[in-house]
Structure formats: structure tokens, C-alpha cells
4 protein chains.
Amino acid sequence: MADVAQRATRAKRADAQRNEVVLLEAAAALFVECGVDVPVRRIAEKAGVGTGTIYRHFPNRSDLVIAVYRHQVEDCAEAGPRLLGSAESPYAALVEWVDLFVDFLVTKHGLASAMRNDGKGYEGPHAYFIDRLEPVCGDLLAAAKESGEVLVDIEAYSLMLGVGNLCAYSGGDDRYEARILVGVLIAGLQVQPRLAP
Amino acid sequence: MADVAQRATRAKRADAQRNEVVLLEAAAALFVECGVDVPVRRIAEKAGVGTGTIYRHFPNRSDLVIAVYRHQVEDCAEAGPRLLGSAESPYAALVEWVDLFVDFLVTKHGLASAMRNDGKGYEGPHAYFIDRLEPVCGDLLAAAKESGEVLVDIEAYSLMLGVGNLCAYSGGDDRYEARILVGVLIAGLQVQPRLAP
Amino acid sequence: MADVAQRATRAKRADAQRNEVVLLEAAAALFVECGVDVPVRRIAEKAGVGTGTIYRHFPNRSDLVIAVYRHQVEDCAEAGPRLLGSAESPYAALVEWVDLFVDFLVTKHGLASAMRNDGKGYEGPHAYFIDRLEPVCGDLLAAAKESGEVLVDIEAYSLMLGVGNLCAYSGGDDRYEARILVGVLIAGLQVQPRLAP
Amino acid sequence: MADVAQRATRAKRADAQRNEVVLLEAAAALFVECGVDVPVRRIAEKAGVGTGTIYRHFPNRSDLVIAVYRHQVEDCAEAGPRLLGSAESPYAALVEWVDLFVDFLVTKHGLASAMRNDGKGYEGPHAYFIDRLEPVCGDLLAAAKESGEVLVDIEAYSLMLGVGNLCAYSGGDDRYEARILVGVLIAGLQVQPRLAP
DNA sequence: GATGAATGAGCTTTCATTCAT
DNA sequence: CATGAATGAAAGCTCATTCAT
């Protein structure tokens, strides 16, 4: 009997989880297509569910946004220490990590545009991304500074947001070469900066 | 009587132009303070006019946004050729121009965020900025490449949007060092790029 | 096998009844705490069951509301005849019965607010309370009129609703002295009414 | 020219004021018919305007509710001192005032139901009514106590809410004799109260 | 030409009710 | 039978845009 109950529970959970996945994918797709401000109703339509279902899974709009990107951010965060161990130099590790970071930002789900603080509005996603990834990037950057490969004195926070900004909205614009720009930016870290600008 | 009519017309034109200026200044100020999404009504209030007046001058919200920045863009466009003539090298001219560009983007009126295409939304400002400034930046970049100071093969379009992106939303975030990042990016142009990323 | 089935049925019935009791108690508690408009889901949570279970037992919200108070109303109905037999006069019986009635209305479960017809909405509780209690109160009132203690010509229906109204919403308001007002009202029954108002 | 401008202004104001009146009447009618919880949209429909118009005139639902009753409450408040001067005794003035009060509550616009605090919800109307009318009723009651006509020690607050409660929801129910009940209640003020209840 | 009242589609969010599990 | 996920119709409220004055 306990078994039956458990099976029932499992069945429900499986169904609900499937729905959550469908929802997250629909949201992700629409975030890429229309930006994070896309109405909840459209997400619901795309996912083929009622709006209430979204609010059952995610109490707020912003909770949904966070959830959409959480997994990818997690992967990216875990890659940092691993690369620091395996790459031939700290700077090389940084380059590889940024490359991975850009992969997430550009090719997957338009994460980049969610990294910014929209003025007074969504503190949520921004805060989450930063909290999770800043230490990771900070460790890589510190190591590369210590090894003398990076000459510029810049905060991990700025670097990450910079990369994020460079990748923002690159989806629909074929003439904009986000990846090359990031390459140039990271290359610039090796150059002694001028005093002025 | 024709004279009187003309005088009236002239008077009105003067009045209307004054109104347009007031409006643009109010809008500019609010764009900085609250972002481009600030309600039309608040702009009208700040300008001391009715909302209808705004729509008489600018058929759309986006037309207003364009108009707000048009003047600044013009200044920036005119600076390009001048700097190419006066600076000690093409790359130096490029650096100075970008510095000026960043001045507009960052310190003045939050132009940066208006440079992007918001998905299906505002094509307007984006198109205008690019049309006007891409040739200017392109000339500077070509000269610097020819002089051998710039080793990276990058389009002016990408570079401009890159700088614009780096400066985006830098208003409310004290930890984000837009200007340093731009410096790093421009410095990176001098470095032979790696093949891979 | 029939025996087993019966036992199962019995067991389930016992279970279902237990569930119904739990539900009614949870609902009663929440009605007091938050008013009759408390969401069904919260009642379900408080009772530790699913919302579906509530709808199995009570097809409608209003059916639940009725059920919650049915028992108390029954007690109150049974007290009428008893008091008429035991009190020293019909008016004294009426006073005691109203006192008991107020007990239910005020101190127990906020019954009062369920006694009114909410416009087009809940006919349910209202109808039930009236059907059950009006005859009881009517008998007491008639007896007190006959004994000459009550001089006002008023219907039991009005008197009951009047008392109910005086007790309505008295829960959250410390300055509102429902019981005193009821005392004044019942005292007023003994006074020869003016013609006019 | 100033005259023209003024005339234009006046015209607008006249129009807007007319609309406000239409709105208030529609709201009043619906409050009576369906209670104060009637949706804003339905009020807008009844008034033949868009919902936005309501929010232009009244920033909140509760502001509308207050506005609907403000005028009537004002009339009622002003009647208090006048009656105290003209009636033959303080108690007679109280009776007349309560009669007037009931007129407003019952015959006009279902004010009564707006006098209660709906639990956590609308503090607004309740507070306004009380603030305005409690002193008025308090003066009448105090005078009647002093003249020895009223023997019950009751607060004006309770008395007003009691009368309000007795009149609540009396609209749709022909069997409920609110006015008689109020008469009984006020008569009861003259009777020495029993100790117990 | 200027005004700002009016409009109404659209937003996020809640909740009674249904129904697959 | 119990469950609670799903539903979707409202709800209050905002704001770009129109239009009578």
C-alpha cells in the first residue's frame, strides 16, 4: 500500500516535473526571441499550459527568469576550478573559462541580457548570476594576475559584466561579432594600460 | 494682413521650436534618471506640456527617443574627421574618438542602451546611430589598420556596438567600470589575436 | 470476501467521516481568523488534505460554509423549547435564548456574517439558519407578547436578523460592544413604541 | 484671449465633472445592487466609460468608494448640531438624527454595508465615516445622557455601528424591518439595563 | 496648435473548480 | 477515494495613443 502511494506520488511528480521542463524551455525560447520582458501569458501559451500553472511552479515572474538560467549558470560555475587545474597557465584557464562563459551567453539561451539590472525592476536574476559566478571568475583573474599574465587592474565583477554586455542581444544581428570582441577584450588584459582613458 | 498672418505663423514656429527643445531636454533628463521606458506622461509633466503636445511633435515614443539623441550623435560624428587630422597617429585618433564616444554614451544621456535593437521593438534609434556613426568609425579603424597599429580584423560596426554594449546600463551600477573595460578592449586591438576562440 | 469488502467500506466511511470532521474544524477556525472569504486552498492546507477532498465532501464553497455552522445552529434550536419550560417568564426565556444565540454568533465562530444574503451570492447559509431558527425564536417571541412583557410588534425574522446584524463583524473591533447593543435592543422590546419613525 | 483660455478650461472641467458625477452615480447604484466589492470594470461599463477613466478620477478602488458616500455623510454630519438646537429635548434630537441617519443608510445608497471594516481589506471608507460622524453622534448622545433621558452607558461609536449594522443589507429583503429595529434599539436606550447580559 | 480626459488592450496575479493520476 | 496540478476567468491597475475641447 505504501508502494502504491509512492508510485502515485512519483507519477504526479514526474508529470509535474515534465511540465516544469516544458515551461522552462518555452520561457527560455521566448526570452531569446523577445527578451525577458515577454508577458507571462505568452510563455504559458507557448508551453501549452494555463497561466496559473506558471504561478504554481514559480510564484513570480522573476523566479521563472532565475529558474530558466539556473542550471546553465551552475554548469559554468563548476567549470572554473576544474579549468584552473587542467590548463597550462592561469591566463589560459581564464581564456578557456571565458570561452565557455560566452558559449552559455551567446549560443544557448541569451543569458546575457538577463545579467543586467533593469533599473528599478528585476534585481533577481542579476543578483543570482553575480553571486554565483563572481567568485569563480575572481579566482581565475587573481591567479592570472599573480602569474604576471594579466597586467590590467580590473575587478572580476566588471569583467564579467563586460563580457556579458558584449554578448548581449547578439542573437538576431549577424553583423555583430560578439566572440571576436570578447577575444579582443581578453587579449587587452595582457597589455599595459595607458594612463589616460 | 498677410503680414500679420506670417507674423503669427512665425511666432507659432518659434513657440513650437521652443516647446520641442523643452521637450527634448525633459526627455533626455528622464531617460538618464529612469531609463528609456519612462512613461510618456511623466515626460510631458516634466516638460510642463500635455501629452498630446508630445505626439504632435513626435508620432511615436521611439521617434522621441531618436530625436533626443540625434544632436549628440551629430556632434560625435563630426569629431571623427577632425581627430584624424589632428592626432599624432591614426590609432591615437581612434583612441581619442572612442573616448569621446564613451563620453556621450556614459556621462551624458545613457545613449548606449538606445543603441541596441530590442528584438522586434525599436528598430529606430539603432538604425539611425549606426547609419550616422559607422562610416566615421570605419574611417578611423581603416586608417589605424593601414598604419599597422591595429592587428585585429574587426568591423567598425562590431566595434561600435561592442563599445556601446560595454557602456550600457552603467549608470546605476557603481561597481561596473565601463571606461576601463573600453580601454582594455581598445588596447586589445593592438595584439595579434589567437586563432581559436 | 463480502465481509472483507464491507469491512473496507466501513473503514473508508469511518475515514471519510473523520476527514469531514477535520475539515469542518479547520474551516471553522479559519472562518473566525480570516472571514468566510478565506480561499479554499488554505482550508485544505490547514486540514491537511487536498482541495479535491473538500469538493468531494461539499460541492460548493457555500455548502462547506453551511456545514460548518449546522451543528451549532442545531444546538441553538434545541435550546428554545427547553428555556421556555425552565425560565421564570416567557420574556426571561427570550432574553436567555438571545443570550445563547449571541454566544454562538459572537464568541464561537463568527456565524453572524454568514447569516446575511450577500446580494446575488450565497443564498445558502442564510436560508438554512432562518428555516431552522425562525420558528424557535418565533415561539419565544409570541409567548412573550402574550404574557404582555413585549409591547413591540415585530417579526421573529426581523429580530433574529437584527441580532445577527448587531453581532456581525464584531470580531476584530474592540470598540464595538455588540453584546451591550443586543441588550439595549431586547430591552427596547418592552417599551411602547412611538408611532412615527 | 485669457477669456478664451478660461472658457476652454471651464469647458473641460465641466465635462470632466459631468463624467465624475456619472461615475459616482453608476458606482452608487452598483454598490447598492452588488455590494462594495463590485469590480471596477463593471462600474466603468455601467457608467459608459473606460476603466482608465475611473482611475484618472480615483486612484484606488477605495477612493471611489469614499467619494461615493462623502456627500451624503457630509449632509448627515451637518444635521447633528442643527437638530440639537431645534428639537424639544436632546433625546428627541437624537431620535431625529438617527432617523435621518437611517434615511441615508437605508433609502439612499446602501451606505451601511460600507461602514464595516472588511477584515484586512478596506480600512478607508470605515475610517472616514467614523471620523466624520462619531463626534456628531457623540454630542447628541452625551446631551441625552446629561438630560437623564438616556440611561444606558454606551459609546457613540458602538451605537452608530449598531444602527449601521441593523440597516445593513436591508435592500433586497422585504421581510427585514430595519427601521422598526432601529426604533426598538433607540427606545431601549431609555431603559435601565439589566446587569447580566 | 495645445491640452489632458478618455480609451482599452495589456499586464501580473489570485482562486474556485475540474480531472488525470 | 484522495490528491494537488492544471485551468482560465476575473481582478486591480498602467500607459501608449487618440480626440473633443
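Letters A, B, ... mirror the listed sequences (proteins, then strands); counts begin at 1.
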I'd like to check D:Val21 versus D:Gln17 (side-chain heavy atoms, cut-off strictly below 4.5 Å). Are they in contact?
no

Heavy-atom distance under 4.5 Å between the side chains of C:Phe58 and C:Ile66, does that happen here?
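No - every pair of side-chain heavy atoms lies 4.5 Å or more apart.
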
First of A:Ile54 and D:Arg42 reached from the 5' end of DNA chain F, by closest nucleotide:
A:Ile54

Which atom pair, heavy atoms only, marks the closest approach of A:His57 to A:Ala16?
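Reported closest heavy-atom pair: CE1-O, 3.6 Å.
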
Heavy-atom closest pair, residues D:Arg61 and D:Asp37
NH2-C, 3.4 Å

Kindly compute the distance separating [atom1] ([X]) from [atom2] ([Y]), expressed to the nearest 0.5 Å.
| X | Y | atom1 | atom2 | result |
| --- | --- | --- | --- | --- |
| A:Asn19 | A:Arg56 | CG | CZ | 10.5 Å |
| B:Glu20 | B:Thr53 | CD | OG1 | 11.5 Å |
| D:Asp63 | D:Arg70 | CG | CZ | 8.5 Å |
| A:Ile43 | A:Ile54 | CD1 | CD1 | 5.5 Å |

Just how far, in rounded Å, is [atom2] of [N] from [atom1] of [X]?
| X | N | atom1 | atom2 | result |
| --- | --- | --- | --- | --- |
| D:Leu64 | F:dA11 | CG | P | 15 Å |
| D:Gln17 | E:dA6 | CD | P | 11 Å |
| C:Glu45 | E:dT14 | CD | P | 13 Å |
| D:Arg56 | F:dC13 | CZ | P | 16 Å |
| D:Arg18 | E:dA6 | CZ | C1' | 15 Å |
| D:Ile43 | F:dA10 | CD1 | C1' | 15 Å |

Got a sec, which residues hit salt bridge (charged side-chain N to carboxylate O under 4.0 Å, His left out) with C:Glu45, two or more places apart in sequence or on another chain?
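Result, salt bridge (charged side-chain N to carboxylate O under 4.0 Å, His left out) vs C:Glu45: none returned.
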
Whenever both distances are under 3.5 Å in a Watson-Crick or G-U wobble pair, mark it; put DNA chain E into dot-bracket that way, with [ ] for crossing pairs and | when the partner is on another strand.
.||||||||||||||||||||

Does [X] have a side-chain nitrogen or oxygen under 4.0 Å from the phosphate oxygens OP1 or OP2 of [N]?
| X | N | result |
| --- | --- | --- |
| B:Asn19 | E:dA2 | yes |
| B:His57 | E:dG1 | no |
| C:Thr53 | F:dT3 | yes |

Within the sub-3.5 Å range, which N or O atoms of nucleotides 14-18 of chain F have a protein N or O partner, and how far apart are they?
| from | atom 1 | to | atom 2 | distance (Å) |
| --- | --- | --- | --- | --- |
| F:dA16 | OP2 | B:Val40 | N | 2.8 |
| F:dA16 | N6 | B:Arg41 | NH2 | 3.3 |
| F:dT17 | OP2 | B:Tyr55 | OH | 3.2 |

